[in-house]
Engineer: 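I'd like to ask you about the structure that follows.
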Amino acid sequence: MPARRVAARELANLFGVLSNPDRIRIVEELRHGEKDVGTLQTLVGISRPRVSQHLSLMRAHRLVEERRDGRHVYYHLSVGRLAN
């Protein structure tokens, strides 16, 4: 029974992170491959700082990972079930 509570709590946290429409749109864009903040800004239609805030929260919850290439940072989904 305690394992079910932990799973339910983790699932509730995941749903909380995904409860924002902009974050859902970011996930949808990242399903098609990794992208940088500027590209996500254009595709999602929100400000660059707002995209960065969303990605920061999603990174803290391990939904996205980053890859650095020089000065550029690219993001991709880290959760397989969201990526498929």
Engineer: With sequence neighbours left out, what residues match R62 under salt bridge (charged side-chain N to carboxylate O under 4.0 Å, His left out)?
Structural biologist: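 R62 satisfies salt bridge (charged side-chain N to carboxylate O under 4.0 Å, His left out) with no residue once adjacent residues are dropped.
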Engineer: Would you call E28 and R25 a salt bridge, taking side-chain N to carboxylate O under 4.0 Å as the test?
Structural biologist: no
Engineer: If you group Ile, Leu, Val, Met, Phe, Trp and Tyr by side-chain heavy-atom gaps below 4.5 Å, do L43 and I46 land in one group?
Structural biologist: no
Engineer: Would one find more than 12 heavy atoms of other residues, nucleotides or ligands at under 6.0 Å from atom NE2 of H32?
Structural biologist: yes
Engineer: If you measure from OG1 on T39 to CD on E34, what distance do you get to the nearest 0.5 Å?
Structural biologist: 10.5 Å
Engineer: Is the closest side-chain heavy-atom distance between L63 and L18 below 4.5 Å?
Structural biologist: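 Of all side-chain heavy-atom pairs linking L18 with L63, at least one is under 4.5 Å.
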Engineer: Answer yes or no: is there a donor N or O on one side and an acceptor on the other, between the side chain of S56 and the main chain of S52, under 3.5 Å?
Structural biologist: no
Engineer: I'd like to check M58 versus V27 (side-chain heavy atoms, cut-off strictly below 4.5 Å). Are they in contact?
Structural biologist: yes
Engineer: Between CG of D36 and CZ of R71, what distance do you get to the nearest 0.5 Å?
Structural biologist: 12.5 Å
Engineer: Among all residues two or more places apart in sequence or in another chain, which pass the side chain to side chain contact (heavy atoms under 4.5 Å, CB included) test with E10?
Structural biologist: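 With neighbours one apart ignored, the set is V6.
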Engineer: Measuring from atom CZ of R31 to atom CD of E29, what distance do you get when rounded to the nearest 0.5 angstrom?
Structural biologist: 10.5 Å
Engineer: Is there a path of hydrophobic side-chain contacts, each under 4.5 Å between heavy atoms of I, L, V, M, F, W or Y residues, that connects I24 with I26?
Structural biologist: no
Engineer: Judged by atom type as modelled, is there a donor-acceptor pair below 3.5 Å linking the side chain of R48 to the main-chain atoms of Q41?
Structural biologist: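 Checked: no pair found.
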Engineer: Does a side-chain N-to-carboxylate-O contact under 4.0 Å join R68 and E66?
Structural biologist: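 Result for this pair is yes, salt bridge flagged.
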Engineer: Would you kindly confirm whether L77 and Y74 end up in one hydrophobic cluster when ILVMFWY residues are joined by side chain heavy atoms under 4.5 Å apart?
Structural biologist: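 No, L77 and Y74 fall in different hydrophobic clusters.
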Engineer: Ignoring hydrogens, what is the shortest heavy-atom contact between Y75 and L30? Give both atom names and the distance.
Structural biologist: O-CD2, 3.3 Å
Engineer: Would you say V51 and V17 are hydrophobically clustered, going by side-chain heavy atoms of ILVMFWY under 4.5 Å?
Structural biologist: yes
Engineer: In the structure I gave you, are the side-chain heavy atoms of H54 and L40 within less than 4.5 Å of one another anywhere?
Structural biologist: no
Engineer: Flag the pair L57 / N20 as yes when at least one side-chain heavy-atom distance between them is below 4.5 Å, and no otherwise.
Structural biologist: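 Not in contact.
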